[in-house]
Structure formats: structure tokens, C-alpha cells
Amino acid sequence: MVMKSKVLIVGGTGYLGKRLVKASLAQGHVTYVLQRPEVGVDIEKVQTLLSFKEQGALLVHGSFDDHQSLVNAVKLVDVVICTISGVHIRSHQILLQLKLVEAIKQAGNIKRFLPSEFGTDPARMENAMEPGRVTFDDKMVVRKAIEDAGIPFTYVSANCFAGYFLGGLCQPGRIIPSRDSVVLLGDANQKVIYVDEDDIATYTIKTIDDPRTLNKTLYLRPSENILSQREVVEIWENLIGKVLDKSTISREEFLATMKEKNYAEQVGLTHYYHVCYEGCLANFQIGEEGEEASRLYPEVNYTMVDKYLTRYLTGIGVLVTENLRILAVHQQSPANCKNWPGRPPLLVCYETQANYQESEDEEERIGFSLTLGVISQKAVFDLFVCRSVPTFDVASEIVIWVVAVGCVCHCRTHRKNRCSTQ
Ligand SMILES: NC(=O)c1ccc[n+]([C@@H]2O[C@H](COP(=O)([O-])OP(=O)(O)OC[C@H]3O[C@@H](n4cnc5c(N)ncnc54)[C@H](OP(=O)(O)O)[C@@H]3O)[C@@H](O)[C@H]2O)c1
């Protein structure tokens with residue numbers, strides 16, 4: 001059996017870093033996390049580090065201001081993954097990695113280094129606009145140092161973090177989708193690639209021991225998640241049962257208003273410009289220098305855009321999995337739904353195929369909503385566009401999902417009990 005590499009995560013308490021720690025542990029790697037003395041009395045970070053330890057990670061002390069401490073940390077492992085900050089509106093420390101590269105070079109034992117990239121492939125952004133090109137330029141400086149030092153590497157081009165881009169329906173400065181309006185960037189038809197941050201971590205850990213991605217770029221392009229802003233908005237509209245008011249900002253207006261912003265915002269806006277007006281993520285074929293993650297690791301059940309967006313609904317996201325079947329679908333009469341304005345909610349009952357076959361009682365199988373009118377399953381799938389409820393065990397219970405316009409809530413009951421909504 002191939003031994004799994006030991007991994008050091010640098011930047012572990014960060015937005016992406018904490019997901020990498022989790023994914024590394026989940027995939028069975030001995031996982032070290034750098035604990036920097038500079039975190040001081042940042043209670044959030046300290047508690048996060050302690051929680052990593054509780055989950056099985058090993059904390060190793062080290063500082064970017066103490067070369068030997070970095071060398072010592074690096075010597076403990078086979079693979080180093082760095083997720084140091086690189087978003088100007090938060091913090092941008094990409095070039096600090098040069099110190100880590102020096103440490104890895106001196107330690108001489110590292111089988112793979114994954115620097116803090118996780119976005120647009122910087123090698124394709126040589127014509128990027130100021131001031132945002134600093135992100136790509138700095139990442140290229142780090143790449144050059146890695147390659148000059150002969151350190152084996154994989155660069156992960158993760159495309160768009162879903163939380164930023166889906167959360168805001170591709171609108172810069174927004175991370176929660178509106179229920180009223182949206183500003184479309186240009187014709188809003190450029191294809192963008194969205195990846196759930198936990199999936200980025202899963203794919204990244206999958207690749208560290210994979211010889212197919214040694215000294216290559218791993219592009220994350222889950223095919224179902226390559227969608228235009230317009231398509232994302234449509235998915236959101238379907239989920240909330242409402243059409244948003246739409247306005248458009250032309251590329252000229254976008255660039256003109258950008259000039260009024262501060263430096264950090266301008267950096268972010270230029271990235272949105274390249275992604276949403278120019279389509280820089282999906283307008284090229286992956287060549288010999290790269291591999292595509294969902295093709296290499298088809299076993300990863302990545303989160304699709306519709307499912308990701310359900311987290312912004314009020315209440316709980318609802319989904320139909322392959323192994324569930326619809327028992328009956330009933331429409332509540334408006335009289336029963338005084339508290340829900342607009343379209344009356346639907347009641348939808350599910351149970352597992354196995355449970356369904358077990359029951360010989362027709363009435364029990366159909367459930368408790370016999371008095372209500374049945375509507376077609378097609379209508380349900382129009383509403384239930386997502387596909388999985390990963391944390392949810394339905395084996396022994398009937399599940400009722402109550403869907404109202406703009407709100408999703410649920411209740412569950414054991415199959416023999418009557419159910420009331422909550
Ligand atoms: N594609 C996209 O949409 C997208 C979006 C966001 C980010 N990214 C990329 O993802 C990578 C990680 O970004 P992130 O948002 O996860 O980063 P982050 O949460 O802002 O920061 C990550 C970590 O960087 C470390 N750090 C920050 N300042 C430091 C300093 N002065 N000295 C040493 N360490 C410092 C800290 O680690 P510790 O305190 O734990 O040591 C921090 O937790 C970056 O390369 C970024 O460009 C891509």
C-alpha cells in the first residue's frame with residue numbers, strides 16, 4: 001500500500017486553510033499546521049488551532065521571521081501546502097512565501113509544494129490590468145522561485161470561490177444574493193467557473209500524492225459549474241420563486257466607476273472584470289501543462305451551483321437524492337397557509353425506496369396528506385433543483401419539506417406518526 005504523505009499546512013486558520021486542514025485529516029494524512037507566534041492573543045485563531053488539534057492535527061511552531069523554525073517545520077513532512085492570504089480587501093502576503101521557498105530548499109526533503117494560488121491561473125494573466133495584476137505577478141514571482149530551486153510543485157487553479165462569486169451573484173462587493181435586484185456585468189453571458197471551497201480543499205488534497213499532477217497545474221473545472229452570471233441568476237430566481245429586477249453595467253461604466261474606489265477594491269474589481277467581462281477562466285483549453293480535477297477525481301461528488309445557492313435560502317436547503325423517491329406531492333390550500341404570503345407552499349413527502357417497498361399499507365405509503373390535491377412530480381423537480389442532502393439520514397423517517405415562495409423550511413416525522421409543519 002502506498003504511504004500517504006505527511007502534510008504541513010501554512011495559513012491553516014485562514015478561509016481556505018481551515019478547509020484544507022479538515023480535508024487533509026479526512027483523507028487520512030498526518031497533518032501538521034503551522035502555529036505562528038504572531039497570532040498572539042487572536043482568540044479566534046488560537047481556538048481554531050486548538051480545534052485542529054482536537055481533530056487530530058499536530059501543531060508545529062514556526063514564524064516567517066525565523067528561518068530555522070520554518071526549516072524545522074518543513075522537515076517533519078513530505079508535502080507543504082501554503083494558503084497564505086492573497087485577497088487585498090483582507091490581506092495580501094503572497095511574497096512572504098519566498099521565505100517558505102527558501103526553507104523548503106534548505107530542508108531538501110519536500111516531495112511536493114503547493115503555493116498559495118487557488119484562483120485564476122497567473123501564467124495566463126500576463127496582460128492583466130493594473131492594479132489587479134499584482135496578484136498574478138506576485139504569484140508568478142513565487143512560481144519562479146519554486147522552479148529555480150527545483151522544488152517539485154503543483155499549482156491549483158481553483159477558479160472562483162463560490163462564497164464570493166455565487167454568494168454575490170457575480171456582483172463585486174456583495175456576498176449574499178439579493179431577493180430584489182441584480183446588476184448584470186455586460187451581457188452577463190461569459191462563462192465563469194464556481195467551486196465550493198470545501199471541494200477546492202478536497203481536490204487539492206487528492207492531488208498531493210498523484211504523479212499525474214507533479215509539476216503541473218491542476219485546474220478545477222467541474223463541468224456543471226461552468227455557468228454565466230445570467231444562468232446563475234436564473235438558478236437563484238428559480239430557488240426563490242421570483243424574478244429579480246435587472247440592470248446592466250457596461251464594461252466602460254464598470255471601468256469608470258472603478259477609478260473612484262480605493263486600491264484594495266480596485267484590485268478586486270479588475271479581477272471581476274477579467275472573469276466576468278472577458279471570460280478569462282473558461283476561454284482556453286487545458287494543455288500539456290495541466291490536468292482537470294473533476295476528470296482526474298470523478299469520485300468527488302462536487303457541490304453544484306444550485307445546491308450551493310440553497311444555503312442562502314431562509315430555512316434549510318432541500319434536496320432530492322438518487323435513492324429517494326417521491327411518495328406524494330400535495331399542494332396546501334391557501335387557507336392553511338395564512339402566514340405565507342403569495343403562492344401557497346407545497347408539501348412534499350419522501351422516503352427511501354426500501355421503506356416504500358416494505359409497507360403494504362397503501363394509505364401509509366402515500367402518507368398523511370390524502371386530503372390535499374396531488375400535483376405532478378415534474379413541478380416538484382422544477383422547484384427542487386438540487387440533488388443531495390449529505391448530512392441527512394432519511395432511512396427511518398418520512399420527511400416532509402414545506403416549500404413556500406422565497407422560503408424553505410422543513411419538518412420530519414417518523415413514518416407512523418402524523419406530521420405537523422414547524
Ligand atoms: N479564487 C478565488 O475566488 C479566491 C478567493 C479568495 C482567495 N483566493 C486565494 O486563496 C488563497 C488563500 O486566501 P484566503 O482568503 O484563504 O486567505 P486569508 O484567509 O485571508 O488568510 C490566510 C492565512 O494567511 C496567513 N497570514 C495572513 N497574514 C499573514 C502574515 N502577515 N504573515 C504570515 N501569515 C499570514 C494567516 O495564517 P495563520 O494565521 O493561520 O498562520 C491567515 O489565516 C490566496 O492565494 C488567495 O489569492 C482565491
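When a ligand or atom number is given, it counts from 1 through the structure's own listing order. It should be emphasised that the depicted structure is a prediction, and the values quoted were computed from it without experimental measurement.
- At least one side-chain heavy atom of S294 sits less than 4.5 Å from a side-chain heavy atom of E292.
- In this structure, atom 3 (O) of ligand 1 lies nearest to the protein heavy atom F161 N, 2.9 Å.
- Although no hydrogens or angles enter the test, the distance criterion places no donor-acceptor pair under 3.5 Å between the side chain of E278 and the main chain of V275.
- Close contacts of ligand 1 with Y164, meaning ligand atoms under 4.0 Å from a residue heavy atom, involve 5 (C), 6 (C).
- Summarising the geometry, atom CG belonging to L244 is positioned 11.0 Å from atom CD belonging to E234; distances are rounded to the nearest 0.5 Å.
- Contact of the T120 side chain with the C280 side chain is registered, since non-hydrogen atoms from C-beta on lie closer than 4.5 Å.
- Residue C160 places a heavy atom less than 4.0 Å from ligand 1.
- Nearest residue to atom 40 (O) of ligand 1 from I89, I193, T13 is T13 (criterion: closest heavy atom).
- The shortest N or O to N or O distance between G119 and ligand 1 is not under 3.5 Å.
- Put simply, the side chain of W236 gets close to the backbone of S178: a donor and an acceptor are under 3.5 Å apart.
- If you check which protein heavy atom lies closest to atom 18 (P) of ligand 1, you get R90 NH2, 3.5 Å.
- Here's the thing with N159: one of its N/O atoms is less than 3.5 angstrom from an N/O atom of ligand 1.
- Among protein heavy atoms, the minimum distance from atom 14 (P) of ligand 1 is reached at Y15 CB, 4.1 Å.
- When each of R143, Q93, H92, R133 is checked for a side chain to side chain donor-acceptor pair (under 3.5 Å) with D138, only H92 meets the rule.
- For K139, every heavy-atom contact with ligand 1 shorter than 4.0 Å involves the side chain, none the backbone.
- Looking only at heavy atoms of the protein, atom 29 (C) of ligand 1 is closest to Q93 CG, 3.7 Å.
- Q27 places a side-chain N or O within donor-acceptor distance of the main-chain N or O of T202, the cut-off being under 3.5 Å.
- Considering each of S63, C82, S116, the one bringing a non-hydrogen atom nearest atom 11 (C) of ligand 1 is S116.
- A donor-acceptor contact shorter than 3.5 Å is absent between the side chain of Y194 and the backbone of V232.
- Within ligand 1, the atoms closer than 4.0 Å to a non-hydrogen atom of L16 are 16 (O), numbered from 1 in the order shown.
- Contact atoms of ligand 1 toward V87: 6 (C), 7 (C) (distance under 4.0 Å to a heavy atom of the residue).
- Of all atoms in ligand 1, numbered sequentially from 1 with element shown, those under 4.0 Å from a heavy atom of G12 are 40 (O).
- At a 4.0 Å cut-off, not a single heavy atom of Q35 sits close enough to ligand 1 to count as contact.
- Residue L269 holds its CG atom at 13.0 Å from NE2 of H88, rounded to the nearest 0.5 Å.
- Using a 30° and 60° split on the angle between ring planes, Y155 and F153 fall in the parallel class, below 30°.
- Nearest protein neighbour of atom 17 (O) of ligand 1, counting heavy atoms only, is S85 CA, 3.4 Å.
- Looking only at heavy atoms of the protein, atom 22 (C) of ligand 1 is closest to T83 O, 3.2 Å.
- Panel note: side chain K105, backbone A149; no donor-acceptor pair is recorded below 3.5 Å.
- In summary, the atoms of ligand 1 found under 4.0 Å from a heavy atom of G86, numbered by their order in the structure, are 44 (C), 46 (C), 47 (O).
- Classification of the F161-Y164 ring pair by plane angle, with boundaries at 30° and 60°, yields tilted.
- The N/O atoms of F64, backbone and side chain alike, include none that comes under 3.5 Å of an N/O atom in ligand 1.
- Note that the OH atom of Y297 and the OH atom of Y203 stand 10.0 Å from one another [nearest 0.5 Å].
- The distance from ligand 1 to the heavy atoms of F165 drops below 4.0 Å at these ligand atoms: 3 (O).
- Polar contact check, T135 against ligand 1: no nitrogen or oxygen pair lies under 3.5 Å apart.
- In terms of protein heavy-atom proximity, atom 41 (O) of ligand 1 is nearest to R36 NE, 2.7 Å.
- Between F118 and ligand 1, an N or O atom pair is found at a separation short of 3.5 Å.
- Every atom of ligand 1 is numbered from 1 in the order shown, and the set under 4.0 Å from a heavy atom of K45 is 36 (C), 38 (P), 39 (O), 42 (C), 43 (O).
- Each of the atoms 30 (C), 32 (N), 33 (C) of ligand 1 lies under 4.0 Å from some heavy atom of L96.
- Q106 places no side-chain N or O within 3.5 Å of a backbone atom of A103 that could act as its donor or acceptor partner.
- Between the side chain of S250 and the main chain of E253, a donor-acceptor pair closer than 3.5 Å is present.
- For atom 37 (O) of ligand 1, the closest non-hydrogen atom of the protein is G11 CA, 3.2 Å.
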